[in-house]
There are 2 protein chains.
Amino acid sequence: MTADAVLDVAAELVKRQGTAALTMRGLAAELGTAVTSIYWHVGNRDELLDALAERTVRELSVVRAEGATPAARVVHLLQGLRRELRSHPHLIALAHERGLTERMFHPAQRALVHEVHAAGLRGRRAARAVRVLTFHAVGFVLVERNRERAPAPHPAEAELWDVPAAQNDAVLAREMAGPVDTERLYAASLEALVAGLFGA
Amino acid sequence: MTADAVLDVAAELVKRQGTAALTMRGLAAELGTAVTSIYWHVGNRDELLDALAERTVRELSVVRAEGATPAARVVHLLQGLRRELRSHPHLIALAHERGLTERMFHPAQRALVHEVHAAGLRGRRAARAVRVLTFHAVGFVLVERNRERAPAPHPAEAELWDVPAAQNDAVLAREMAGPVDTERLYAASLEALVAGLFGA
DNA sequence: ACCTGAACACCGTTCAAGT
DNA sequence: ACCTGAACACCGTTCAAGT
């Protein structure tokens, strides 16, 4: 048994059921060893989770920007990043919890700098644009994860959005009462944000 | 002892140290009763946390929109909401975890509908604008909480952003290596987003 | 150097027994 | 109707003892 073997099995367990389901005893059972062997190889549970988060971040694929304009390339890049982060939600959640969010976005940020420069922004304005885009993308993914983990919303959204609540905009009422297409919403939000940052 | 008294003490404990620190035994000690009495009043730990999240959402203050233009009013409204959500981070985190995010934002969403209408958007476009703004605001707060909870970032940000990494934009390199002023970043992101959604 | 079982101090929860 | 202590099945972790 090696530290890497422990991490492999731990990653598998977390991937399937989340960190809460990862118990030292369960892990030992899966490995076919005594619980206490694990401590020799990877330290305690906390260090194990740290190492797992670390490895997750290290193995994230790099996403590339494609498209004709800087705006289109930024949107493409951040859509790829979202997809990447959503591929193993539990492991990514772990990385978040362990404070590796910054690290997870650094490769993308370098690409963003390139695009923001191409759009004509420099210095402070460029830095702010990169950070705004990063915060938005990370935040969106976090909100999405939150909604999916959540049980059925308490008062059904449909009930909350009757026509008067929508200030007599019946189309809006119907939209708000319906489910959210997060894929499209993400694209729309990125486009609006890029327009706001690059335009004018 | 009443269910409300249990919730009061539980809220206090969570407010100070987060949900992980709330143990049934610790709660009983604080209440001066046997552990098992709690079960009679509020059910098990899970139901207790649900009730606590519920109460937290119910007691959220309503934020108002102020300002001359719809754009300014939206920014003001969402800044107030952020401040409100950051006032008791642990309790709000609990509400998030329990899937009450939607509910927490519904009052603000009604106000947003009003402003988005005032800005001239209707129907589908209006609904999308409201959702984009909501997702961004919630997401931003989640990211912020994440950064604060996190330990010192692993490779110091300063090291990651040397001048070549910033593609020879020295000002940008300095900005990215420094700390983030989230207050200003939030305002800037909202302004860009509103401009993108309302403009053109 | 690596693995083990026994033991400790913590959990949440149940349940029969009290008043 | 309300409260209790004993007991159960789970945790993570330590440590002395093995090979």
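Computed from heavy atoms alone, side chains included, the values below leave out hydrogens, waters and symmetry copies. Being a predicted model, the structure only gives us computed values, none of them experimental. Per chain, numbering begins at 1; letters A, B, ... match sequence-line order.
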Engineer: Measure the distance from CG on B:Leu27 to P on C:dG12 and round it to the nearest whole Å.
Structural biologist: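 Rounded to the whole Å, the gap is 9 Å.
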Engineer: Going by distance alone, is a donor N or O of one side chain under 3.5 Å from an acceptor N or O of the other, for B:His41 and B:Thr2?
Structural biologist: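 No - no donor-acceptor pair under 3.5 Å links their side chains.
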Engineer: Quick one: look up who C:dA16 pairs with, Watson-Crick or G-U, both distances under 3.5 Å, and put none if it's unpaired.
Structural biologist: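 Check on C:dA16: paired to D:dT4, both distances under 3.5 Å.
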Engineer: Crowded around B:Arg128 CZ? As in, over 12 foreign heavy atoms under 6.0 Å?
Structural biologist: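 Result for CZ/B:Arg128: open.
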Engineer: Protein-nucleotides 8-11 of chain D N/O pairs closer than 3.5 Å?
Structural biologist:
residue	atom	partner	partner atom	Å
D:dC11	N4	A:Arg25	NH2	3.4

Engineer: Are the side chains of B:Met176 and A:Arg131 in touch, meaning some heavy atoms are under 4.5 Å apart?
Structural biologist: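 In short, these two side chains touch, coming nearer than 4.5 Å.
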Engineer: Does D:dA9 pair with anything, Watson-Crick or G-U wobble, both distances under 3.5 Å, and if so, with which nucleotide?
Structural biologist: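 Its partner is none (no Watson-Crick or G-U wobble pair with both distances under 3.5 Å).
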Engineer: Check the hydrophobic clustering (I, L, V, M, F, W, Y; side-chain heavy atoms under 4.5 Å; chains of links allowed) and say if B:Val194 and B:Val113 are grouped together.
Structural biologist: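 Linked, B:Val194 and B:Val113 end up in one cluster.
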Engineer: Could you tell me whether the side chain of B:Val62 reaches within less than 4.5 Å of the side chain of B:Glu84, counting heavy atoms only?
Structural biologist: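 Answer no - side chains too far apart.
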Engineer: Is the number of heavy atoms from other residues, nucleotides or ligands within 6.0 Å of CZ (A:Arg122) greater than 12?
Structural biologist: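 Atom CZ in A:Arg122 is crowded, with more than 12 foreign heavy atoms closer than 6.0 Å.
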Engineer: Considering just the side-chain nitrogens and oxygens of A:Asn44, establish if one lies under 4.0 Å of OP1 or OP2 belonging to D:dG12.
Structural biologist: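 So the side-chain polar atoms of A:Asn44 never come under 4.0 Å of the phosphate oxygens OP1 or OP2 of D:dG12.
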Engineer: B:Asp46 CG to C:dG12 C1': how many Å, rounded?
Structural biologist: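 So the CG-C1' distance, B:Asp46 to C:dG12, works out to 11 Å.
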Engineer: What's touching nucleotides 16-19 of chain C from the protein side, N or O pairs under 3.5 Å?
Structural biologist:
none

Engineer: Decide yes or no on salt bridge (charged side-chain N to carboxylate O under 4.0 Å, His left out) for B:Glu144 and B:Arg82, but give the supporting numbers first.
Structural biologist: CA-CA 10 Å; B:Glu144 232 179 325; B:Arg82 167 173 171 271; 2.7 Å; yes
Engineer: Rounded to the nearest angstrom, tell me the gap between atom OH in A:Tyr39 and atom P in C:dG5.
Structural biologist: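 Distance, rounded to whole Å: 15 Å.
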Engineer: Using the rule given for side chain to side chain donor-acceptor pair (under 3.5 Å), can you reason through A:Ser189 versus A:His136, listing the C-alpha separation, both sets of side-chain angles and the distance that settles it, and then say yes or no?
Structural biologist: CA-CA 9 Å; A:Ser189 67; A:His136 180 76; 2.8 Å; yes
Engineer: Which of these, A:Leu185, A:Leu190, A:Leu193, sits in a side-chain contact (heavy atoms from CB on, under 4.5 Å) with B:Val132?
Structural biologist: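 For B:Val132, the side-chain contact (heavy atoms from CB on, under 4.5 Å) check succeeds only for A:Leu185.
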Engineer: May I ask you to decide if B:Leu78's main-chain N or O and B:Tyr186's side chain share a donor-acceptor pair within less than 3.5 Å?
Structural biologist: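 It does hold such a pair.
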Engineer: Just the table, please: protein N/O against nucleotides 1-4 of chain D N/O, every pair under 3.5 Å.
Structural biologist:
residue	atom	partner	partner atom	Å
D:dC3	OP2	B:His41	NE2	2.4
D:dT4	OP2	B:Ala34	N	2.7
D:dT4	OP2	B:Ser37	OG	2.7

Engineer: Starting from B:Val138, can I reach B:Leu94 by hopping between I/L/V/M/F/W/Y residues whose side chains sit under 4.5 Å apart?
Structural biologist: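 Different clusters: B:Leu94 never reaches B:Val138 through Ile, Leu, Val, Met, Phe, Trp or Tyr contacts under 4.5 Å.
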